[in-house]
S.K.: 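What follows is a structure written as structure tokens; I'll ask about it next.
For this chain, numbers begin at 1 and follow the sequence in order.
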Amino acid sequence: MARSYSLKSSSPTPVGDGFVIDYKAELNEQQYAAVTSLLGPSLVIAGAGSGKTRTLTYRVSYLLENGIAPDNILLLTFTNKAAREMLHRVEEISPKNTIGLWGGTFHSIGARILRRHAEKLGYTRTFSILDSDDQRALITKVVKESGVAEGGPSRLGEKFPKPAVLATIFGLAANTDVGVARILAERYSFYEETDAGILKVAELYEQRKKEGNNMDFDDLLLKTRQLLTDDQEIRRLYQEQFQFLLVDEYQDTNAVQGEVIDMLAATHGNLMVVGDDAQSIYSWRGADYSNILEFPRRYPKAKVYKIETNYRSVPEILHIANESIRANTSQFPKELRSARPARAMKPAFVPVFDPSTQARFVSQRIQELHEDDGVEFNQMAVLYRSHFQSMELQMQLTSEGVPFVITSGLRFFEQAHIKDVAAFLKFACNPRDDVSFERMTKLLSGVGAVSAEKLWQQWLACAPVKEERLPESFSEYFLTFKVPAKAQREWEQMAHVLDEFLDGDGGLKSPEAMIYSVREGIYHDYMKAAFDNEETRRQDLDQFMTFATGYSNIAEFLEQMALLGGSEGDPQQDRQRDQESSVCLSSVHQAKGLEWKVVFLIWLADGMFPNRRAIEDGGLEALEEERRLFYVAVTRAEDELYLLYPELWPKAYTGDTLQTPSRFLGEFPSELMEEWRIGR
């Protein structure tokens with residue numbers, strides 16, 4: 001007769017109700033309700049700073065303690081960092097074994113599924129995943145093979161889009177699920193005359209990927225959806241396996257992601273989506289706000305849980321956030337309540353004379369907070385709607401030695417479009433500058449390193465170079481050069497632009513006038529073909545011209561620009577040390593998910609924030625997204641918030657512009673702020 005033998009349990013002793021974790025003690029009442037919800041669909045509206053990650057991780061642990069096997073749980077996130085953090089925290093708090101739990105980004109989970117079943121779609125399981133560089137390289141090859149861009153443009157406005165722009169177009173088409181033709185019509189009307197060529201490249205690009213056994217990042221979503229849609233057996237396999245689905249940042253999902261989620265949850269129906277409709281700010285990259293807004297309609301039996309206790313911000317800051325977002329008509333109403341005691345200081349409303357005064361105030365106040373109140377530099381941030389709005393502040397902080405890092409892009413003078421335009425000015429100032437000449441000429445169609453060197457050698461043979469003087473006319477010499485056929489028309493335009501630099505008295509015009517000539521004469525159309533954010537870069541060049549108005553001497557201007565863009569413009573050389581000991585400068589989009597003790601929100605003028613496009617062309621939907629962006633900015637602040645509004649905007653060529661305060665500042669009672677009057 002067989003002997004019975006029992007192993008002792010290695011699990012911790014339950015604390016009550018059979019659970020090891022005391023969920024009531026670990027969570028607040030609203031979090032507890034969501035974490036312990038029963039079967040079926042649920043929508044968790046987790047307000048800013050309310051412990052969204054904590055809710056999700058304890059929900060996973062709760063499922064495990066209820067006997068759900070790890071491989072029957074799927075946790076979807078948007079970033080690898082979020083996935084790692086959540087899985088690590090689940091492992092820390094859960095008494096159960098988590099091995100086998102499916103957790104990761106949408107793309108990583110898609111790749112995992114596709115590796116198992118790639119042959120169903122005509123791929124092998126060893127398919128390659130193209131990163132952004134690989135994608136641009138393949139598109140470049142396809143454009144060349146297709147011949148759609150051959151023969152050169154008849155004018156710069158008909159340039160065929162660069163590979164990076166094509167990649168953006170294809171990505172938007174994939175993420176919005178509307179097709180390349182519609183994206184071109186709605187967002188890239190500039191390319192109307194080349195639409196047929198772009199569509200041909202899109203078709204060939206798909207073919208080349210398939211032939212090379214390659215998928216790009218968008219394919220990891222599209223092919224997963226295709227697999228689940230077309231193969232009923234595979235769809236049932238995963239529908240049966242994933243008994244519980246949890247989705248983080250649901251307000252940021254796009255059409256394809258939303259469809260994949262709905263398919264996977266179709267059998268068991270235990271779908272918990274967590275997010276905040278008030279923080280949906282990424283429609284420009286394909287996020288579909290209707291996914292979260294219409295969730296109760298798609299799942300009529302869904303329970304809606306609201307988590308409204310905010311552990312980040314003081315009550316005075318949350319009063320502004322609550323009142324501001326209340327103006328939106330499309331939302332799940334919520335009221336953030338602070339878990340922190342009130343402070344004596346209200347958020348500051350700071351009208352300033354102009355952007356220069358704004359920069360001086362922010363810099364001075366940062367230093368006061370650091371030196372007098374002991375606030376570390378890395379606990380302060382300056383947020384803005386668009387990157388160009390940080391230029392004056394970058395210069396001010398640099399001149400005063402205040403350490404800063406930029407999360408929203410390169411330092412202003414290090415950006416490609418600024419350096420492109422500056423190359424024209426540098427060459428005119430120093431006609432022996434071969435580096436600037438090469439950068440300038442390589443902007444032209446059909447001019448690479450070899451062609452640029454040949455053009456340079458022709459220039460070196462010209463009299464002005466040998467005699468070390470400015471020519472009376474650049475075109476007098478340039479139009480005699482042997483130039484690649486594709487570049488001929490653009491070369492002529494460039495020569496005439498350089499002629500515009502000359503003042504007729506043997507010198508050069510002002511830096512402001514020279515920048516204007518480059519932008520209007522040759523670079524405006526180049527930007528549209530080369531960059532997917534042409535409007536933002538145009539705003540940068542407007543600001544670049546405004547900066548140049550302070551200089552009449554081109555050499556002095558270029559020297560100052562070099563200092564601000566080089567080592568003297570970067571007080572800290574070590575990147576990790578920078579982040580640990582520096583003020584953060586960031587666009588609001590890049591700041592989502594982050595927090596600081598002190599936040600300065602600058603350029604709060606109508607047309608700046610909300611931006612002009614949303615006001616004039618976007619309609620109610622665009623304006624409400626701008627308001628959500630303002631809400632995100634406000635809720636980044638823990639202790640102190642400064643709202644700054646420049647009354648005057650000095651602009652090159654068009655003159656000074658009087659500004660009105662952002663309409664968002666008028667949507668909550670003025671007594672919620674304390675006005676600071678700044679003496680000049």
Side-chain angles (χ1 to χ4, degrees), residues 122-123 127-174 179-181 183-185 187-219 222 416-417 420 438-456 481-494 522-534 537:
Y123 294 82
F127 66 84
S128 298
I129 300 174
L130 303 176
D131 62 21
S132 56
D133 287 340
D134 297 332
Q135 184 185 31
R136 287 193 293 269
L138 181 56
I139 291 174
T140 300
K141 183 179 179 181
V142 168
V143 170
K144 185 175 181 180
E145 290 176 353
S146 69
V148 295
E150 293 299 319
S154 59
R155 60 181 178 86
L156 281 173
E158 295 173 3
K159 268 184 175 291
F160 199 76
K162 302 289 186 184
V165 179
L166 290 170
T168 298
I169 292 170
F170 300 162
L172 274 173
V180 174
I183 292 297
L184 289 172
R187 304 200 191 192
Y188 292 87
S189 57
F190 171 75
Y191 297 124
E192 183 178 2
E193 296 182 25
T194 57
D195 276 6
I198 294 172
L199 292 171
K200 180 179 179 181
V201 169
E203 182 180 354
L204 290 174
Y205 173 60
E206 294 301 319
Q207 292 178 14
R208 292 292 181 272
K209 282 190 296 181
K210 188 71 173 291
E211 292 169 0
N213 199 35
N214 294 318
M215 294 189 195
D216 60 27
F217 268 67
D218 296 320
D219 288 327
L222 292 173
H417 50 296
D420 285 345
E438 180 179 6
R439 185 177 190 113
M440 184 175 70
T441 53
K442 285 172 73 173
L443 297 174
L444 311 182
S445 301
V447 176
V450 174
S451 298
E453 177 61 24
K454 290 180 179 178
L455 291 167
W456 175 247
F481 290 4
K482 185 176 180 181
V483 181
K486 287 181 67 175
Q488 185 64 49
R489 187 175 296 273
E490 296 168 40
W491 176 261
E492 293 173 4
Q493 284 182 273
M494 188 178 76
I522 194 167
Y523 202 72
H524 177 74
D525 287 332
Y526 173 84
M527 282 194 297
K528 289 187 174 182
F531 304 119
D532 58 2
N533 58 345
E534 176 268 333
R537 294 177 190 257

S.K.: Tell me every residue that passes side-chain contact (heavy atoms from CB on, under 4.5 Å) with Ala167, counting only those two or more places apart in sequence or in another chain.
M.R.: Gln135, Ile139
S.K.: What are the two closest non-hydrogen atoms of Ala181 and Leu199, and how far apart are they?
M.R.: N-CD2, 3.8 Å
S.K.: Return the minimal non-hydrogen interatomic distance between Phe127 and Met215, and the atom names on each side.
M.R.: CE1-SD, 3.9 Å
S.K.: Using a 4.5 Å cut-off on heavy atoms from C-beta on, say whether the side chain of Leu172 contacts that of Arg187.
M.R.: yes
S.K.: So which atom in Gly446 and which in Ser451 form the shortest heavy-atom distance, rounded to 0.1 Å?
M.R.: O-OG, 3.9 Å
S.K.: For Phe217, I'd like to know if atom CZ has over 12 heavy atoms of other residues, nucleotides or ligands within 6.0 Å.
M.R.: no
S.K.: Out of curiosity, Tyr523 OH to Met527 CE, how far, rounded to the nearest 0.5 Å?
M.R.: 6.5 Å
S.K.: How would you list, by chain and number, every residue that makes a side chain to side chain donor-acceptor pair (under 3.5 Å) with Glu203, sequence neighbours excluded?
M.R.: none
S.K.: I want to check something: taking the side chain as every heavy atom from C-beta on, are Tyr205 and Leu166 in contact at a cut-off of under 4.5 Å?
M.R.: no
S.K.: Give, for atom NZ of Lys200 and atom OG1 of Thr194, the distance between the pair rounded to the nearest 0.5 Å.
M.R.: 13.5 Å
S.K.: Please confirm whether the backbone N or O of Asp134 pairs with a side-chain atom of Asp131, one donor and one acceptor, at under 3.5 Å?
M.R.: yes
S.K.: Measure across Lys442 and Ala452 and return the closest heavy-atom pair with its distance rounded to 0.1 Å.
M.R.: CG-CB, 4.1 Å
S.K.: Please lay out, stage by stage, how Asp219 and Glu206 fare under the test side chain to side chain contact (heavy atoms under 4.5 Å, CB included).
M.R.: CA-CA 10 Å; Asp219 288 327; Glu206 294 301 319; 4.2 Å; yes
S.K.: Name all residues meeting the side-chain contact (heavy atoms from CB on, under 4.5 Å) criterion together with Glu492; count only those two or more places apart in sequence or in a different chain, and write none if there are none.
M.R.: Leu479, Gln488
S.K.: Over all heavy atoms of both residues, which pair between Ser445 and Ala487 is shortest? Give the atoms and the distance, please.
M.R.: O-CB, 3.0 Å
S.K.: Let's go through Lys209 and Leu130 carefully: what are the C-alpha distance in whole Å and the side-chain angles of both, what is the deciding distance for side chain to side chain contact (heavy atoms under 4.5 Å, CB included) to 0.1 Å, and is it a yes or a no?
M.R.: CA-CA 9 Å; Lys209 282 190 296 181; Leu130 303 176; 4.2 Å; yes
S.K.: Please report the closest heavy-atom contact between Ala173 and Gly179, naming both atoms and the distance.
M.R.: CB-C, 3.6 Å
S.K.: Could you check whether any side-chain heavy atom of Val180 comes within less than 4.5 Å of a side-chain heavy atom of Ile198, counting everything from C-beta outward?
M.R.: yes
S.K.: Using side-chain heavy atoms (C-beta onward) and a distance below 4.5 Å, is Thr441 in contact with Trp491?
M.R.: yes
S.K.: A side-chain contact here means heavy atoms from C-beta on lying under 4.5 Å apart; do Leu444 and Val483 qualify?
M.R.: no
S.K.: For Ser128, enumerate each residue passing the side-chain contact (heavy atoms from CB on, under 4.5 Å) test, keeping only those at least two apart in sequence or located in another chain.
M.R.: Asn214
S.K.: For the atom pair CZ (Arg208) and CG (Leu138), what is the distance rounded to the nearest 0.5 Å?
M.R.: 8.5 Å
S.K.: List the residues meeting side chain to side chain donor-acceptor pair (under 3.5 Å) with Arg439, not counting sequence neighbours, and say none if there are none.
M.R.: Asp420
S.K.: Is the shortest side-chain heavy-atom distance between Asp218 and Phe170 below 4.5 Å?
M.R.: no
S.K.: Who pairs with Lys210 by side-chain contact (heavy atoms from CB on, under 4.5 Å), at least two apart in sequence or on another chain?
M.R.: Tyr123
